[in-house]
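Single-structure report; data block below.
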Amino acid sequence: MGYMESYKEWLDNPYFDEDTKKELRSIGGDEKEIKERFYADLEFGTAGLRGVIGAGTNRMNMYTVRKATQGLANYIISQKGQEKGVAIAYDSRRMSPEFADEAACCLAANGIKAFVFESLRPTPELSFAVRELGCISGINITASHNPPEYNGYKVYWEDGAQITPPHDSGIMDEVKKVADYASVKTMSREDAEKAGLYEVIGAAVDDRYMEELKKNVLHPKCIKEVEKDLRIVYTPLHGTGNIPVRRILKELGFTNVFVVPEQELPDGEFPTVGYPNPEAEEAFELALKLAKEKDADLVLATDPDADRLGVYVKDSKSGEYICLTGNMSGSFLADYEIGQRLALNGSLPQDGMLVKTIVTTNLVDAIASYYNIDVVECLTGFKWIGKEILKTERTGKGTYLFGFEESYGCLIGTHARDKDGIVASMALCEAAAYYKKRGKTLWDAMIDMYEKYGYYKDDVISITHKGIEGLEKIKSTMEGLRANPPEKFGDYEVTAVRDYEKDTIKDLRSGKVRTTGLPKSNVLYFELTSDAWLCVRPSGTEPKIKIYFGVVGESMEDAESKSSSLMQVVKGLFDK
């Protein structure tokens, strides 16, 4: 069926509601818009759904959510997991509560109980709830840090991580089999509740989640000793982090926590910031203004679903606030958590492991080498870090000490199997208290870390290619690189090429080829001279191609200069 036929089917079929048809009639003369909405089904990928909210097969709406849930229900039943139920959470975005209810009612109609949070909750708590309640799966209605017009649908499996093989492909296959929207099962919430297939959850799970976070506190005494002197500014960016972040900090004894008032309350329009991403400088504009008024030691921002954490720290010498990238804050927390555990316990587990993704800084390797622990590398996406934790539990080999990815996400402890901005906020505030007790700021401690391991500088460039033409552009870029890989990037020679789609690592000096040892993925990684590197991959959640790269310098200035030079080379090659 072509896109115009699909459009007419939605207009004529009595299954679709009148509001949907009214929206579609309003674009009746815009063939390009009709094509964008109906040229394909919204793809159910390895993480679930993500797209612009609106009517059509290629949009996030009640019908695409039901269709995805029917496929998930069919897979759960095939795995004989329907008796365990599914946990459902949602964030502050437009239509999030409605989509959560649609998913729950579809599950209920298939005989699968839904445990639905009473109000918005952060992603890591959904991950925790899946395991805490013994569910077979979890659904989180969120588009993370995407712009306001987006929403999404993340699927988790019983280990608490987002779906990985074989479950991801199994669920995707079942979703594809649901060809007729009208064949999807559903029922009213009232009937689902009467049948015992819809249960509201909330405070009890919150309390257990908080208990688990507190198990990761290393220096509670330091918090008590400096609580009146340490000043923290926090913004939830209109998302889910406000209540849990404030609660954990208050219960640990942090008394001077100032929340940005304009961004405190949930709002899916994100009125104070166009792009609610803690990686973006604009997201911190109001928080930094408040920080200067309050003379704050550190500034924190979580994204709308509170799995990512952005950080600014004060440099006492200049009085300025310095942005920590995800690689910087993640490396710092890795060094702090592992180093302090060693100091407190006198030793680390012999099979201790630090887990990172392939696009995460090589500073991780230097930290792991210092502590004589293993580095485990996995594909981009925190679900793969979650899979490594699961592997340690199943095999009894390896002790997870810390894991993070460059995109502002880490996990301290194993209470969840996704990145956790709540526990990261807690740990950074604790570290700030620990170093303040010793007369240092977090920025002082960062410089100490660089002096110890080397001045690693990492960056990422995202190039957006929207629409159908954009998808083709991204595809052709990857094909071109794969067919004719560069031999140099600026001053750096390519020493090896990792092609994760072909599962090969080719040493360009010896010509030898070995396997990557990781699942196939559309990623190209170039190992460069002087411990530099560059990696290219299409984004899994946005219409972008992402280029990651890293260098090492002898000083902060040297690293900045080398990174800037490489960035110009990268922009010249890709931004065309």
Side-chain angles (χ1 to χ4, degrees), residues 45-48 122-128 130-131 138 140 144 154-165 167-168 212-213 216 303 305-309 325-327 329-335 337-338 349 351-365 367-368 371 373-395 397-424 427 458 460 500 516-521 523 525 535 537 539-541 546 548:
T46 54
T123 284
E125 187 172 353
L126 182 276
S127 174
F128 170 77
V130 169
R131 297 173 66 245
N140 195 18
S144 187
K154 292 182 183 177
V155 180
Y156 292 72
W157 203 241
E158 61 184 333
D159 62 326
Q162 290 185 51
I163 48 175
T164 55
H167 305 299
D168 55 357
E212 290 299 316
L213 297 192
N216 296 292
D303 66 343
D305 66 325
D307 59 351
R308 300 176 189 232
L309 175 70
T325 66
N327 277 314
S329 60
S331 297
F332 176 80
L333 280 174
D335 189 44
E337 291 290 320
I338 295 169
D351 61 354
M353 52 191 257
L354 204 172
V355 190
K356 72 165 190 171
T357 68
I358 58 176
V359 297
T360 300
T361 177
N362 285 347
L363 177 52
V364 172
D365 302 74
I367 293 170
Y371 291 113
I373 58 176
D374 293 330
V375 172
V376 176
E377 201 169 62
C378 57
L379 292 177
T380 308
F382 215 89
K383 63 183 182 179
W384 299 107
I385 296 177
K387 193 174 180 72
E388 291 299 329
I389 299 173
L390 179 63
K391 187 187 297 182
T392 66
E393 293 176 341
R394 287 182 170 174
T395 64
K397 297 177 182 178
T399 301
Y400 175 86
L401 298 177
F402 191 86
F404 82 101
E405 58 183 0
E406 57 76 36
S407 58
Y408 290 62
C410 71
L411 176 63
I412 301 165
T414 58
H415 60 280
R417 301 301 159 86
D418 210 336
K419 49 190 178 283
D420 189 341
I422 314 300
V423 77
D458 304 88
V460 59
Y500 288 93
T516 66
L518 296 179
K520 289 187 177 183
S521 184
V523 180
Y525 187 109
C535 182
R537 74 174 186 93
S539 170
T541 58
K546 304 185 84 169
Y548 308 79

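What you are looking at is a predicted structure, and each value in this text was computed from that prediction instead of being measured. FYI, side chains are in, hydrogens and waters are out, and symmetry mates aren't considered; it's all heavy atoms of this structure.
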* Drop me the distance from Asp418's CG to Leu411's CG, to the nearest 0.5 angstrom. => 8.5 Å
* Kindly compute the distance separating SG (Cys410) from CZ (Phe382), expressed to the nearest 0.5 Å. => 6.5 Å
* Donor-acceptor pair between Tyr156 and Arg417 side chains, under 3.5 angstrom -> no
* **Atom pair CZ/CE of Phe402 and Met353 - distance to nearest 0.5 Å** => 13.0 Å
* Mind checking side chain to side chain donor-acceptor pair (under 3.5 Å) for His415 and listing every partner two or more places apart, or none if nothing turns up? => Asp420
* **salt bridge (Lys or Arg N to Asp or Glu O under 4.0 Å) between Glu405 and Lys419, intermediate numbers included** => CA-CA 9 Å; Glu405 58 183 0; Lys419 49 190 178 283; 3.0 Å; yes
* Asked: Asp303 and Tyr408: side-chain donor and acceptor closer than 3.5 Å?
  -> no
* **Partner set under side chain to side chain donor-acceptor pair (under 3.5 Å) for Asp365, not counting sequence neighbours** => Lys356
* Side chains of Ser144 and Asp307: does their closest heavy-atom pair fall under 4.5 Å? -> yes
* Could you state the interatomic distance from SG (Cys378) to CD1 (Ile385), rounded to the nearest 0.5 Å? -> 4.5 Å
* Check whether any side-chain heavy atom of Ile358 sits under 4.5 Å from a side-chain heavy atom of Leu518, and report yes or no. => yes
* **Stepwise side chain to side chain contact (heavy atoms under 4.5 Å, CB included) test for Phe404 and Asn327** => CA-CA 8 Å; Phe404 82 101; Asn327 277 314; 4.1 Å; yes
* Quick one: does Asp351's side chain have a donor or acceptor within less than 3.5 Å of a partner on Gly398's backbone? -> yes
* Report yes or no: do Thr123 and Asn140 form a side-chain donor-acceptor pair below 3.5 Å? => yes
* Asked: What distance do Thr414 atom OG1 and Glu212 atom CD have between them, rounded to the nearest 0.5 Å?
  -> 8.0 Å
* When you check the gap from the basic side-chain N to the acidic O, do Lys387 and Asp159 get nearer than 4.0 Å? -> no
* To do: Go through the steps for Asp458 and Thr361 under the test side chain to side chain donor-acceptor pair (under 3.5 Å), then give the verdict.
  => CA-CA 6 Å; Asp458 304 88; Thr361 177; 2.7 Å; yes
* Distance from Thr516 atom OG1 to Tyr500 atom OH, nearest 0.5 Å? -> 6.0 Å
* Stepwise, does the side chain to side chain donor-acceptor pair (under 3.5 Å) test hold for Thr46 with Lys383? -> CA-CA 10 Å; Thr46 54; Lys383 63 183 182 179; 3.2 Å; yes
* Asked: Are Ser521 and Leu379 side-chain neighbours, meaning at least one heavy-atom pair lies under 4.5 Å?
  -> yes
* Asked: Can you check whether Val364's main-chain N or O pairs, donor with acceptor, with Ser331's side chain at less than 3.5 Å?
  -> no
